[in-house]
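Being a predicted model, the structure only gives us computed values, none of them experimental. Each chain gets a letter, A, B and so on, in the order its sequence line appears, and its residues count up from 1.
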Amino acid sequence: MPELPEVETIRRALKHGGRGAESIVGRQVLESRLLWERTLAEPTQIEFQERILGQGITDIDRRGKFLLLQLSTDTLIFHLRMSGDLNVVNENEPIASHDRLWLGLDGGLRLSFNDTRKFGRAWLVPDPHAVTANLGPEPLGEGFTAHDFHARLLAHRRQLKPLLMDQSFLAGLGNIYTDEALHLSKLHPLQISDTLNETQSGRLWSSIRQVLQEGIERQGASIDWVYKGGDFQNYFRVYQRTGEPCPECGNPIQRITVGQRGTHYCQNCQPQSS
DNA sequence: ACGAGCGCCTGTCGGC
DNA sequence: TGCCGACAGGCGCTCG
């Protein structure tokens with residue numbers, strides 16, 4: 001579930017309440033349990049237990065697809081990868097079947113990291129920068145200008161889709177929102193980054209921001225058995241719509257593989273130019 | 001510098 | 001019904 005809009009939706013729920021739970025800001029960690037060892041990237045399980053007990057949750061931030069729980073002295077960072085989610089439940093609730101790590105909080109709450117496919121990771125570190133240092137700019141950040149984006153595109157000679165999904169180039173896009181942004185900007189997923197003129201890169205810049213903003217407003221997308229509450233999936237332009245009519249021109253949506261990822265686009269609206 | 005292949009995991013779906 | 005491959009919102013690694 002996790003691209004920028006889904007992570008942002010979870011962040012807001014943890015910070016302000018929502019998704020059927022109350023805010024965890026201001027709560028204190030009283031207990032911790034690691035149920036799948038590899039979920040904890042850093043530090044060791046022993047050190048994790050020792051360090052986190054007693055720390056208070058002071059704020060919830062996001063950087064790209066990383067969720068940052070600011071604690072009294074450390075930062076607890078989660079990356080949800082393919083199937084991760086964070087739930088706040090009453091401590092009387094049974095442990096869910098794919099819970100991998102959970103924290104007992106004061107007030108009778110439990111924060112649990114649930115992750116069917118076990119790709120997700122957690123870090124407890126003194127300095128969050130150690131984990132997020134290699135990320136590119138925030139696409140919705142004020143410092144991310146169309147001008148800078150164009151310069152960054154020209155600095156590489158790469159296919160647009162894999163480049164946009166490279167988190168060191170831009171932080172937050174995944175398979176869904178990349179396909180959506182490319183279709184909205186009428187650019188082919190295989191077009192080479194340094195062939196874009198300023199008009200094209202400007203269109204891509206605003207398309208990326210538009211689809212991410214819409215995703216956040218719709219509280220993310222809910223697909224397959226992983227239900228999160230958002231409904232952006234009902235507004236996909238091309239993603240997983242192979243063979244269905246393009247919303248712009250009516251031609252059937254094509255599916256190809258780019259960088260080992262399913263890629264959806266319209267041959268007519270997104271011509272291969274170079 | 002870049003792209004392809006693969007590993008990490010569990011689950012669903014369609015075809016035979 | 002059972003089995004089997006394809007596929008799934010991500011990313012780190014190796015190898016050309």
For residues 246-258 of chain A, pull every pair meeting side-chain hydrogen bond (donor to acceptor under 3.5 Å, both in side chains), keeping only residues two or more places apart or in separate chains.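 As it turns out, the side-chain hydrogen bond (donor to acceptor under 3.5 Å, both in side chains) pairs with a partner in residues 246-258 of chain A, which skip direct neighbours, are A:Arg237-A:Glu248.
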Just how far, in rounded Å, is [atom2] of [N] from [atom1] of [X]?
{"X": "A:Asn114", "N": "C:dG9", "atom1": "CG", "atom2": "P", "result": "19 Å"}
{"X": "A:Leu40", "N": "B:dC8", "atom1": "CG", "atom2": "P", "result": "20 Å"}
{"X": "A:Leu164", "N": "C:dG10", "atom1": "CG", "atom2": "P", "result": "13 Å"}
{"X": "A:Met82", "N": "B:dG7", "atom1": "CE", "atom2": "P", "result": "16 Å"}
{"X": "A:Arg121", "N": "C:dG12", "atom1": "CZ", "atom2": "C1'", "result": "10 Å"}
{"X": "A:Asp179", "N": "C:dA8", "atom1": "CG", "atom2": "P", "result": "10 Å"}
{"X": "A:Leu67", "N": "C:dG10", "atom1": "CG", "atom2": "P", "result": "15 Å"}
{"X": "A:His98", "N": "C:dA8", "atom1": "NE2", "atom2": "P", "result": "20 Å"}

From the options [options], select the nucleotide whose nearest atom is closest to the side chain of [X].
{"X": "A:Arg117", "options": "B:dT10, B:dA4, C:dG9", "result": "B:dT10"}
{"X": "A:Ala221", "options": "C:dA8, B:dG11, C:dG9", "result": "C:dG9"}
{"X": "A:Lys118", "options": "B:dT10, C:dC11, C:dG10", "result": "B:dT10"}
{"X": "A:Arg157", "options": "C:dC7, B:dG11, B:dC2", "result": "B:dC2"}
{"X": "A:Gln260", "options": "C:dG10, B:dA4, B:dC8", "result": "B:dA4"}
{"X": "A:His156", "options": "B:dC2, B:dC8, C:dA8", "result": "B:dC2"}
{"X": "A:Arg81", "options": "C:dC11, B:dT10, B:dA4", "result": "C:dC11"}

Each base of DNA chain B marked ( ) or [ ] if paired in-strand (Watson-Crick or G-U under 3.5 Å), | if paired to another strand and . if unpaired gives .|||||||.|||||||
If I pick the [atom1] atom on [M] and the same atom on [N], what distance separates them, to the nearest angstrom?
{"N": "B:dC2", "M": "C:dG9", "atom1": "C1'", "value": "24 Å"}
{"N": "B:dG5", "M": "C:dA6", "atom1": "P", "value": "14 Å"}
{"N": "C:dC3", "M": "B:dC9", "atom1": "P", "value": "24 Å"}

Distance-only donor-acceptor check, side chains [X] and [Y], under 3.5 Å:
{"X": "A:Ser32", "Y": "A:Gln49", "value": "yes"}
{"X": "A:Thr73", "Y": "A:Gln55", "value": "yes"}
{"X": "A:Tyr265", "Y": "A:Gln272", "value": "no"}

Using a 4.0 Å heavy-atom cut-off across all strands, classify [X] as base, sugar-phosphate, or nothing.
{"X": "A:Arg261", "result": "base"}
{"X": "A:Gln240", "result": "sugar-phosphate"}
{"X": "A:Arg255", "result": "sugar-phosphate"}
{"X": "A:Tyr239", "result": "sugar-phosphate"}

Worksheet item: Any chance CG of A:Asp127 has more than 12 other-residue heavy atoms, nucleotides or ligands included, within less than 6.0 Å?
Response: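 Yes.
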| said: Tell me whether the count of non-hydrogen atoms from other residues, nucleotides or ligands lying under 6.0 Å of NE2 in A:His16 goes above 12. | reply: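 Enclosed: over 12 neighbouring heavy atoms sit under 6.0 Å from NE2 of A:His16.
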(Q) Test of understanding: with salt bridge (Lys or Arg N to Asp or Glu O under 4.0 Å), list the residues that count as partners of A:Glu31, not counting sequence neighbours. (A)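 Residues passing salt bridge (Lys or Arg N to Asp or Glu O under 4.0 Å) with A:Glu31: A:Arg33.
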- Using the test salt bridge (Lys or Arg N to Asp or Glu O under 4.0 Å), find all partners of A:Lys161 that sit at least two apart in sequence or belong to another chain.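 With neighbours one apart ignored, the set is A:Asp179.
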task: For A:Phe119 and B:dC9, say yes or no: do the ring centres fall under 5.5 Å of each other while the ring planes differ by less than 30°?
output: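 Stacking between A:Phe119 and B:dC9: absent.
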Practice prompt. Check whether any side-chain nitrogen or oxygen of A:Lys65 sits under 4.0 Å from OP1 or OP2 of C:dC11, and answer yes or no.
Written response: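 Looking at the OP1 and OP2 atoms of C:dC11, one of them is under 4.0 Å from a side-chain N or O of A:Lys65.
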*asked:* Using OP1 and OP2 only, check whether a side-chain N or O of A:Gln167 sits under 4.0 Å from C:dG10.
replied: no
A:Phe232 ring center within less than 6.0 Å of A:Tyr239 ring center = no
Q) Which of residues 209-220 of chain A sit near DNA chain C, with a heavy atom under 4.0 Å from it? A)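 Correct list: empty, so none.
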Check: What pairs with A:Ala41 under side-chain contact (heavy atoms from CB on, under 4.5 Å), at least two apart in sequence or on another chain?
Finding: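 side-chain contact (heavy atoms from CB on, under 4.5 Å) check on A:Ala41 returns A:Arg121, A:Trp123.
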request  = Check whether NZ of the Lys or CZ of the Arg A:Arg152 lies under 6.0 Å from the centre of the six-membered ring of A:Phe169 and within 45 degrees of that ring's axis.
outcome  = yes
